[in-house]
Amino acid sequence: MTSILEQLKDSVSQALVSAFGTELADTDPLVAPTNNPKFGDYQSNVALPLAKTLKQNPRAIAQSIIDHLQLEEMCEAPTIAGPGFINFMLKTDYISKLLAKIQPDERLGVPQVEPAQKVIVDFSSPNIAKEMHVGHLRSTIIGDAIARILEFRGYDVLRLNHVGDWGTQFGMLIAYLREAYPEALTTADALDIGDLVSLYKKAKVRFDRDDQFKQTARQEVVKLQAGAEDSRHAWQLLCDQSRKEFQVIYDLLDIKITERGESFYNPFLEDIVSELEQKGLLQTSEGAKCVFLEGFTNKDGDPLPLIVQKSDGGFNYATTDLAAIKYRVKEDGAERIIYVTDSGQANHFAGVFQVARKAEILPDTVEVVHVPFGLVLGKDGKRIKTRSGETFKLKDLLDEAIAHARQDLATRLQEEAREETPEFIDHVARVVGLSAVKYADLSQNRTSDYKFDYDKMLDLKGNTAPYLLYAYVRPQGVSRKGNIDFSQLDTNTSIVLTEKAELALAKHILQLEEIIKEVESNLLPNRICLYLFELSQKFNQFYEQCDILEAKEPQRTSRLILADLTARTIKLGLSLLGINVLERM
RNA sequence: GGGCGAGUAGCUCAGUGGAUUAGAGCAUUUGGCUACGAACCAAAAGGUCAGGGGUUCAAAUCCCUUCUCGCUCACCA
């Protein structure tokens, strides 16, 4: 179905044309939800900016628009307020009818896009042999949510994990592996490398202190790139081990992603460079092959290059990213490519995109977008850095979140003298703990820095996952108590919306579609969080003010339908964020 | 120094096409459980939207400028 907002926009646009002529056909009707219910549900501000061009009083313009509007079915007669705002109030009957329409629909009225555009979401992307840190957590959680939202809308989404599985650090790692665990290179499964990070650290120490070792490491890179079998074997070993560790995190967070690391693009790197050369974009500077960028300068004001081949002949991440764009466009058929990485890489992506456009690797028909997110800061507001000694193990972090949730549940059980099975406690603690971590991250505007604070994210009050989970549990409690199967409710019952709280809740439920469409284009999942939080608040108010099971028919069934629709909206919304609901908690 | 981003209640944050009185949550104070689970609800208090200019009928939002903070600036990714 078409959202209320879209219907109003269309109606106002049509009224503009019939009132003032076709030259206003492309004028934005400026329809938006009101910020204050006393002005109705929606407003159009279009009369005010038109006052100048039409040389008329804005209130008169507003009146002409109203005279040409045909909205009797959905709205009360529109009113003009202040200098010329048009206020719309939805008819209660119309809201009831819409609710009845979405009630039997699993998608709650949200349509699928047609045709299914191919979209690539590039996210998570940890580095082999390094710890996944909080930055990867953000990319993983935000990227997964974006992918889920687009998938729900019907896009053909390819989720790609662009893991750092190539580069100079492997020379060092392999050289160290040869030295410390030679048997691992020749015998299958001879050794469980165990803590890869400590291996990395030890290798790094060797590398920094021992020039001889440094030499060996460099030769090892050359050997690996040349494809020497034992070097490749060692590389494979490191990748496999890392992969296992990543998978633990992905399993815990319920993340599905296809690995296609940097090494995948190795065969295409040379071609990229020669393609740039052929197109006359390439220049050599200080021995490195590069493309100079427009609009980027260094501290002396000179243009900044994008280096695609280092002076030693090696390629770097810009080359890989260009090759990846080409492959994704030509082979994968992507029409939109979304990169979920920290905002520190904004310059890099801007450069890569610019060169890709210039080289016509990236046609105008394909949209590329960097979805940046802010830094992860500690409770003290300072940046959390893995290198600074304090390593932040992601697994520990998630386990701690679950432990907090478990503790909280235990306290509650004691207070309420409830008894639950260990399985129940495990399950609830896990869902609540992990949801809290995900929701804390997603509920903020991703572009701002993120203050990582256990107490805050595990707080079970306010705009948090547990609040929403509880708002879902409440209708389920009604269902159990009243012995009601929500799926068997009489769909012929007309939904009566007499109480203020009922009406407010009903209107909010119907906004799901416009919110999802908004996020589909602006890629800001926190908008969904806000919507769900407000929905939960409105449900709690409704729940407080209106009896459900004790109400008389047809109000009883009507309220049951409202409760069910709320629950299903929360469940659906949370599922788009990668969060599961609980029937009891 | 250049580029980018940020500065909104004591704290954490919403506010992305300019619009009527700037919003939540936490914390604080005060009410509400003989129960559709109170992990809830109701109410109070709390702001020169960093400062200063400008554009406009209208600016937290757009433009200029100053200050503060962060990220980033050629062979790591």
Side-chain angles (χ1 to χ4, degrees), chain A residues 28 30 32 34-36 38-39 43 45 48-49 51-52 58 81-85 87 125 127 130 162 164 166-169 262 285-290 292 295-302 304-312 314-318 320-321 341-348 350 372 374-375 377 381 383 408-409 412 416 418 432 440 443-445 447-449 451 453 456 459-464 466-467 469-471 473-475 477-482 484 518 522 524 526-527 529-530 533-534 537 540-541 543-551 559-560 563 584-585:
Chain A
D28 188 332
L30 296 177
T34 58
N35 48 17
N36 189 329
K38 86 177 188 197
F39 301 123
Q43 63 182 15
N45 304 338
L48 291 117
K52 256 189 190 155
F85 303 108
N87 292 336
S125 308
N127 295 315
K130 285 193 194 166
H162 193 76
W166 204 251
T168 41
Q169 80 272 21
E262 292 169 345
S285 171
E286 295 174 33
K289 292 186 179 172
C290 33
F292 281 91
F296 292 86
T297 50
N298 66 9
K299 52 181 98 168
D300 299 324
D302 301 325
L304 218 56
L306 185 78
I307 294 177
V308 293
Q309 191 165 17
K310 299 186 286 184
S311 53
D312 68 0
F315 304 105
N316 64 6
Y317 72 132
T320 307
D321 280 343
T341 74
D342 67 275
S343 46
Q345 295 191 49
N347 281 342
H348 165 69
L375 294 174
L377 307 175
R383 184 178 191 170
D408 197 81
L409 180 62
R412 192 175 316 284
E416 297 173 6
R418 268 166 72 188
V432 171
S443 60
Q444 285 201 29
N445 186 322
T447 53
S448 50
D449 288 348
K451 204 165 275 187
D453 181 347
K456 211 98 202 170
D459 194 344
L460 305 183
K461 281 179 262 172
N463 185 7
T464 63
Y467 181 85
L469 292 174
Y470 185 60
V473 163
R474 288 182 116 177
V478 173
S479 145
R480 282 190 299 273
K481 173 92 178 188
I484 284 150
E518 187 186 320
N522 70 14
L524 290 172
N526 64 307
R527 193 65 193 77
C529 296
L530 183 65
F533 175 58
E534 287 170 348
Q537 282 183 314
N540 281 330
Q541 287 157 8
Y543 185 87
E544 190 80 11
Q545 289 166 32
C546 304
D547 284 333
I548 301 175
L549 292 173
E550 302 302 315
R559 287 179 175 171
L560 285 166
R584 292 196 305 122
M585 63 191 279

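Using a 4.0 Å heavy-atom criterion, one finds that A:Leu409 contacts the bases of the nucleic acid, with or without backbone contacts as well. Within the 4.0 angstrom heavy-atom criterion, no nucleotide atom of any strand lies near A:Cys529. At the heavy-atom level, A:Ala288 lies under 4.0 Å from base atoms of the strands shown. Residue contacts shown for A:Glu286 include a base, since a base heavy atom lies under 4.0 Å away. Among the heavy atoms of the strands lying under 4.0 Å from A:Asn87 is at least one base atom, whether or not backbone atoms are also near. Within the 4.0 angstrom heavy-atom criterion, base atoms lie near A:Ser285. Nucleic acid contact for A:Asp449: sugar-phosphate only, since backbone atoms but no base atoms lie under 4.0 Å from a heavy atom of the residue.
Inter-residue side-chain proximity for A:Tyr467 and A:Lys461 is flagged as unmet; no heavy-atom pair is nearer than 4.5 Å. Counting heavy atoms from C-beta outward, A:Ser443 and A:Phe533 have side chains that stay 4.5 Å or more apart.
With a cut-off of 3.5 Å on both Watson-Crick or G-U wobble distances, the partner of B:C26 is given as B:G10. Under the Watson-Crick or G-U wobble criterion, with both distances below 3.5 Å, B:C33 has no partner in any strand shown.
In this structure, the side chain of A:Thr320 engages the main chain of A:Asn316 through a donor-acceptor pair within 3.5 Å. No side-chain donor-acceptor contact under 3.5 Å links A:Asp449 to the backbone of A:Leu377. A donor-acceptor distance shorter than 3.5 angstrom exists from the side chain of A:Arg559 to the backbone of A:Asp547, with no hydrogens or angles considered.
Comparing atom distances between the A:Phe39 side chain and each of B:C75, B:A14, B:U20 picks out B:U20 as nearest. Here the nucleotide nearest the side chain of A:Asn35, chosen from B:C75, B:U20, B:A39, is B:U20. Side-chain proximity of A:Met585 to the nucleotides B:U12, B:G15, B:A39 is greatest for B:A39. Distances were taken from every side-chain heavy atom of A:Pro49 (C-beta onward) to each of B:A19, B:A39, B:C71; the shortest belongs to B:A19. In this structure, the nucleotide among B:U56, B:G37, B:U72 sitting nearest to the side chain of A:Lys52 is B:U56. Out of B:C40, B:C75, B:A19, the shortest distance to the side chain of A:Arg474 is found at B:C40. In this structure, of B:G25, B:G37, B:A14, it is B:G25 that holds the atom nearest to the side chain of A:Phe533. Candidate nucleotides B:C75, B:A19, B:G15 were compared by shortest atom distance to the side chain of A:Asn526, and B:G15 ranks first. Closest approach to the A:Lys461 side chain among B:G70, B:A74, B:C40 is made by B:C40 (side chain taken as heavy atoms from C-beta onward). In this structure, of B:C13, B:G37, B:A19, it is B:G37 that holds the atom nearest to the side chain of A:Arg584.
Put simply, CG on A:Asn316 is 9 Å from C1' on B:C76, counting in whole angstrom units. We find that CD1 of A:Ile548 is positioned 10 Å from P of B:G37, with the value rounded to whole Å.
Of the side-chain N and O atoms in A:Tyr467, one or more sit less than 4.0 angstrom from OP1 or OP2 of B:C41. Close to B:A74, at under 4.0 Å from its OP1 or OP2, lies no side-chain N or O of A:Lys289. OP1 or OP2 of B:U12 lies within a sub-4.0 Å distance of a side-chain N or O belonging to A:Lys451. Of the side-chain N and O atoms in A:Asn463, none sit less than 4.0 angstrom from OP1 or OP2 of B:C26. Considering only side-chain N and O atoms, A:Asn347 lies nowhere under 4.0 angstrom from the phosphate OP1 or OP2 of B:C4. Of the side-chain N and O atoms in A:Thr168, none sit less than 4.0 angstrom from OP1 or OP2 of B:C75. OP1 or OP2 of B:A42 lies within a sub-4.0 Å distance of a side-chain N or O belonging to A:Gln541. Considering only side-chain N and O atoms, A:Arg480 lies nowhere under 4.0 angstrom from the phosphate OP1 or OP2 of B:G37. Within the 4.0 Å cut-off from OP1 or OP2 of B:G25, at least one side-chain nitrogen or oxygen of A:Gln537 is found.
Residue A:Glu550 qualifies as open at atom CD: its count of foreign heavy atoms under 6.0 Å is 12 or below.
Across the C1' atoms, B:C64 and B:A59 are found 15 Å apart, a figure rounded to whole Å.
A donor-acceptor contact under 3.5 Å is formed by the side chain of A:Asp28 with the base of B:G17.
With its glycosidic angle more than 90° from 0, B:C26 adopts the anti conformation.
Judged by ring centres under 5.5 Å apart and planes tilted less than 30 degrees, A:Phe85 stacks against the six-membered base ring of B:U20.
The distance from the CZ atom of A:Arg474 to the CG atom of A:Leu469 is 13.5 Å, given to the nearest 0.5 Å.
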